[in-house]
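All residue numbers refer to positions in the sequence shown, counting from 1.
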Amino acid sequence: MDSQDAADLISELAEEKAGHAEADRFRNRAALLIAMVAAVLAVGGMGGGNATDDMIANNIAASDAWAFFQAKNIRQTFYELEVEEIDAALLDAELPAARRARLQDRRADYAATIARYDSEPDPAAPDDPLRGDGKKQIRARAQHFEAQFGTASQRDNNFDLAEVCLQLALVLGSVAILALNRPVLLASAGLGAVGAVLTLNGFLLWVPLPF
């Protein structure tokens, strides 16, 4: 082997070594990206699970509140019908005075019960519209739970979309490592970034999703 051949061999070995070093750097960056995406996916999975639990809990609470509201409404309607019957009886001019007095007392009791069914704040927190056993307070609680359900649903939608993006980012990142393909790695990074933003939006609800 002459000096020229030796120089060519050394150059080829250097180029091969440089190529291996570049490939190793690429794989290291891709592996780091995959690790970051996996971490965000884990956090988003936790957030999505919590959002689902909140949806279930608030849906049950809203259903229970509306059922309680309906029960109150039925009983209130019963007393309202009783008041109407008493009012009709009181129109009788020949009604004995003692009977009239008893009917008037009963009517006053029923009217007070109707008013209590309509609004009965909690004595411990009379200014809290969500506490109490009147229809007004029960309705407010039911609507509050429905609003909480809607918020949890928005969070869950963000986490679901984030999970899709992050899973695709992991797949593309793995393909990029095997194929040493930079465009595929860039696509993986882009999907990972979208997934990270959606995950943050799931926690903070910066921007409502259009669907």
Nearest 0.5 Å, what's the [atom1]-[atom2] distance between [X] and [Y]?
| X | Y | atom1 | atom2 | result |
| --- | --- | --- | --- | --- |
| Asp109 | Glu82 | CG | CD | 12.5 Å |
| Leu172 | Ile177 | CG | CD1 | 11.5 Å |
| Ser63 | Asn58 | OG | CG | 10.5 Å |
| Leu166 | Ile34 | CG | CD1 | 12.5 Å |

What donor-acceptor contacts under 3.5 angstrom involve side-chain atoms of residues 200-211, with partners at least two apart or in another chain?
unit_1: Asn201; atom_1: OD1; unit_2: Trp206; atom_2: N; d: 2.7
unit_1: Asn201; atom_1: OD1; unit_2: Val207; atom_2: N; d: 2.9
unit_1: Asn201; atom_1: ND2; unit_2: Asn158; atom_2: OD1; d: 2.8
unit_1: Asn201; atom_1: ND2; unit_2: Val207; atom_2: O; d: 2.8

hydrophobic_cluster_shared for [Y] and [X], side chain cutoff 4.5 Å:
| X | Y | result |
| --- | --- | --- |
| Ile114 | Tyr117 | yes |
| Leu185 | Leu191 | no |
| Val37 | Leu32 | no |
| Val40 | Leu33 | yes |
| Leu103 | Val83 | yes |

*Who are the side chain to side chain donor-acceptor pair (under 3.5 Å) partners of Asn73, not counting sequence neighbours?*
Lys135
Least distance between heavy atoms, [X] atom then [Y] atom:
| X | Y | answer |
| --- | --- | --- |
| Leu198 | Ala162 | CB-CB, 3.6 Å |
| Ala62 | Ala142 | CB-O, 4.0 Å |
| Gly192 | Ala169 | N-CB, 3.7 Å |
| Pro121 | Pro126 | CB-O, 3.8 Å |
| Phe159 | Gly44 | CD2-O, 3.6 Å |

So [Y] and [X], do their side chains get closer than 4.5 Å, heavy atoms only?
| X | Y | answer |
| --- | --- | --- |
| Arg100 | Leu90 | yes |
| Trp66 | Glu146 | yes |
| Arg106 | Arg102 | no |
| Leu180 | Arg27 | yes |

*Please, which pairs that meet side-chain hydrogen bond (donor to acceptor under 3.5 Å, both in side chains) have at least one residue in residues 32-52, sequence neighbours excluded?*
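Residue pairs with at least one partner in residues 32-52: Thr52-Asp156.
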Pairs where [range] contributes a residue and the test salt bridge (Lys or Arg N to Asp or Glu O under 4.0 Å) is met, not counting sequence neighbours:
| range | result |
| --- | --- |
| residues 34-57 | none |
| residues 179-207 | Glu22-Arg182 |
| residues 61-71 | none |
| residues 171-181 | none |

Between [X] (side chain) and [Y] (backbone), is there a donor-acceptor pair under 3.5 Å?
| X | Y | result |
| --- | --- | --- |
| Gln137 | Glu120 | yes |
| Thr151 | Ala147 | yes |
| Ser188 | Val184 | no |

*Which residue pairs pass the ring pair (Phe, Tyr, Trp, His ring centres under 6.0 Å) test when at least one of the two sits in residues 124-150, sequence neighbours left out?*
none
*If you look only at pairs with a residue in residues 24-51, which of them pass as a ring pair (Phe, Tyr, Trp, His ring centres under 6.0 Å), with sequence neighbours excluded?*
none
*Heavy-atom neighbours of Met36 CE exceed 12 at 6.0 Å*: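 Check fails, neighbour count at 12 or below.
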*Please identify each residue that fulfils salt bridge (Lys or Arg N to Asp or Glu O under 4.0 Å) with Asp87, with sequence neighbours left out.*
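Only Arg107 meet the salt bridge (Lys or Arg N to Asp or Glu O under 4.0 Å) criterion with Asp87.
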*Who pairs with Asp122 by salt bridge (Lys or Arg N to Asp or Glu O under 4.0 Å), at least two apart in sequence or on another chain?*
Arg131
*With sequence neighbours excluded, what pairs up with Phe68 under the side-chain contact (heavy atoms from CB on, under 4.5 Å) test?*
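side-chain contact (heavy atoms from CB on, under 4.5 Å) check on Phe68 returns Lys72, Asp133, Ile138, Arg141.
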*Could you go through the side-chain contact (heavy atoms from CB on, under 4.5 Å) check for Leu41 and Glu163 one step at a time?*
CA-CA 6 Å; Leu41 180 61; Glu163 182 178 0; 3.8 Å; yes
